[in-house]
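The figures that follow rest on heavy atoms only: side chains count, while hydrogens, waters and symmetry mates do not. Every number for a ligand or one of its atoms is a count from 1 in the order of the listing.
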Amino acid sequence: MAIFAPVLERPEDIHEALKQRIDPRRVPRHIAIIMDGNGRWAERQGEHRVVGHANGVRSVREALVACREIGVEHLTLYAFSTENWNRPKAEVDALMDLLVRTVVGELEELNANGVRLNTIGDTNALPESCRTTLLEAIAATAQNDKITITLALSYSARWELVGMVRAIAQEVKEGRLRPEAITEATVAERLSTAGIPDPELLIRTSGEHRISNFLLWQIAYAELWFTPVMWPDFRKEHLFQAVIDYQCRERRFGLISEQVTPG
Ligand code: IPE
Ligand code: IPE
Ligand code: MG
């Protein structure tokens, strides 16, 4: 009976208890997260929105460590969308500055934990200092093989899809690709996520129930998990809870239940 269940108070005990409920054979290979709610989190405490972004860095660390602990191979984080360029300049500048400082500050830790850094999105649109820092960090972590963290920066799915259509049109025009030969794989190989398995689980924080132009092709069959928790409050236990919930679902891919679990 629940009343006799041990009371878990230390965060480590809570994490351990949750982790034990995760089936290691059915951990998603790829988790994608729409990190949302930084601005509201800060404003609720009378702080500037930027304070929320700064506090979101710890949550990135927590999500990454949690993923690594349970054997997730890819973690993709929506950090800055194409649409986010239209925010007030001071916020955009602060976000770019935070990005550089975080990547520089975390580099040693990433290497110590076998984390490979990757980006998707129109990184040419980023300020020079960001681009250089990112390229250096990507090169410095290229040999790491425990987990890949992909930051979606100046990313939007429609931007990516337009790029893919242009690439295919060009190849057809030059006679290198026959229209009849175009398959789903042709499309997937021309997206910025080429070579990365589709996310099985997509998490969005802050209580919003929308996709906001993120990975539209790749999430065709992802399980969606929404939480009212604001991104700066996101901790390991939330990641574990999302995975536990994911493992309780029956992924039918268009089949009927008996086909998925015979008998
Ligand atoms: C997510 O938090 C971070 C970015 C989009 C860069 P928001 O900045 O969107 O925070 P809210 O949604 O306004 O609270
Ligand atoms: C989506 O969050 C983009 C990122 C998390 C980077 P937004 O806060 O920008 O999205 P909307 O405006 O709620 O759709
Ligand atoms: Mg938001």
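- In terms of protein heavy-atom proximity, atom 14 (O) of ligand 2 is nearest to Ser212 OG, 2.6 Å.
- Remark: ligand 1 and Ala79 share no N or O pair separated by less than 3.5 Å (distance only, no angle test).
- Using modelled atom types, one finds a donor on one side chain and an acceptor on the other under 3.5 Å when comparing Glu91 with His53.
- Taking the side chain as every heavy atom from C-beta outward, Leu177 and Ile182 approach each other to under 4.5 Å.
- Heavy atoms of Glu43 stay at 4.0 angstrom or farther from ligand 1.
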What do the steps show when you test Glu200 against Arg249 for salt bridge (charged side-chain N to carboxylate O under 4.0 Å, His left out), and what is the final call? CA-CA 12 Å; Glu200 297 96 328; Arg249 301 183 189 182; over 6 Å; no

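- The side chain of Arg49, and not its backbone, has at least one atom closer than 4.0 Å to an atom of ligand 1 (non-hydrogen atoms only; side chain from C-beta on).
- Under the 4.0 angstrom criterion for non-hydrogen atoms, Ser206 is not in contact with ligand 1.
- Nearest protein neighbour of atom 2 (O) of ligand 2, counting heavy atoms only, is Arg204 NH2, 3.7 Å.
- Each of Asn55, Ile34, Val60 was scored for a side chain to side chain contact (heavy atoms under 4.5 Å, CB included) with Trp231, with one residue passing: Val60.
- In this structure, CZ on Arg251 lies 4.0 Å from OH on Tyr246, to the nearest 0.5 angstrom.
- Taking 2.8 Å as the criterion, Asp36 counts as a coordinating residue of the Mg ion (ligand 3), since one of its N, O or S atoms falls below it.
- Shortest contact from atom 7 (P) of ligand 2 to any protein heavy atom: Arg87 NH2, 3.8 Å.
- Within a 6.0 Å radius of CD in Gln45, other residues, nucleotides and ligands contribute more than 12 heavy atoms.
- The single protein non-hydrogen atom nearest to atom 5 (C) of ligand 2 is Met35 O, 3.3 Å, given as residue, atom name and distance.
- Checked against Phe80 for a ring pair (Phe, Tyr, Trp, His ring centres under 6.0 Å), the options Tyr155, Trp85, Phe214 give a single hit: Trp85.
- When heavy-atom distances to ligand 1 are checked against a 4.0 Å cut-off, Arg44 has no atom that comes that close, whether in backbone or side chain.
- At a 4.0 Å cut-off, not a single heavy atom of Arg40 sits close enough to ligand 2 to count as contact.
- Residue Asn84 has no nitrogen or oxygen atom sitting less than 3.5 Å from a nitrogen or oxygen atom of ligand 1, judged on distance alone.
- Distances between N or O atoms of Asp36 and those of ligand 2 include at least one value under 3.5 Å.
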Decide yes or no on salt bridge (charged side-chain N to carboxylate O under 4.0 Å, His left out) for Arg61 and Glu109, but give the supporting numbers first. CA-CA 10 Å; Arg61 230 177 270 132; Glu109 198 65 15; over 6 Å; no

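- Atom 12 (O) of ligand 2 has Arg210 NH2, 4.5 Å as its closest protein atom, hydrogens excluded (heavy atom only).
- Contacts between Ser81 and ligand 1 below 4.0 angstrom, taking non-hydrogen atoms only, are absent altogether.
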Quick one, Arg116 with Asp145, criterion salt bridge (charged side-chain N to carboxylate O under 4.0 Å, His left out). Give me CA distance, side-chain angles, the key distance, then yes/no. CA-CA 7 Å; Arg116 193 166 77 92; Asp145 60 2; over 6 Å; no

Residues Glu208, Arg204; criterion salt bridge (charged side-chain N to carboxylate O under 4.0 Å, His left out); working and verdict: CA-CA 7 Å; Glu208 306 294 358; Arg204 182 169 188 151; 6.0 Å; no

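- If you chain together hydrophobic residues whose side chains sit under 4.5 Å apart, Tyr78 and Leu239 never meet in one group.
- For a threshold of 3.5 Å applied to N or O pairs, the pair formed by Glu208 and ligand 2 contains no separation below that value.
- When atom types are taken as modelled, the side chain of Arg252 and the backbone of Val260 share no donor-acceptor pair closer than 3.5 angstrom.
- Every atom of ligand 1 is numbered from 1 in the order shown, and the set under 4.0 Å from a heavy atom of Gly39 is 7 (P), 8 (O), 10 (O), 11 (P), 14 (O).
- Less than 4.0 angstrom separates some heavy atom of Ile34 from each of these atoms of ligand 2: 5 (C).
- In summary, the atoms of ligand 2 found under 4.0 Å from a heavy atom of Phe80, numbered by their order in the structure, are 6 (C).
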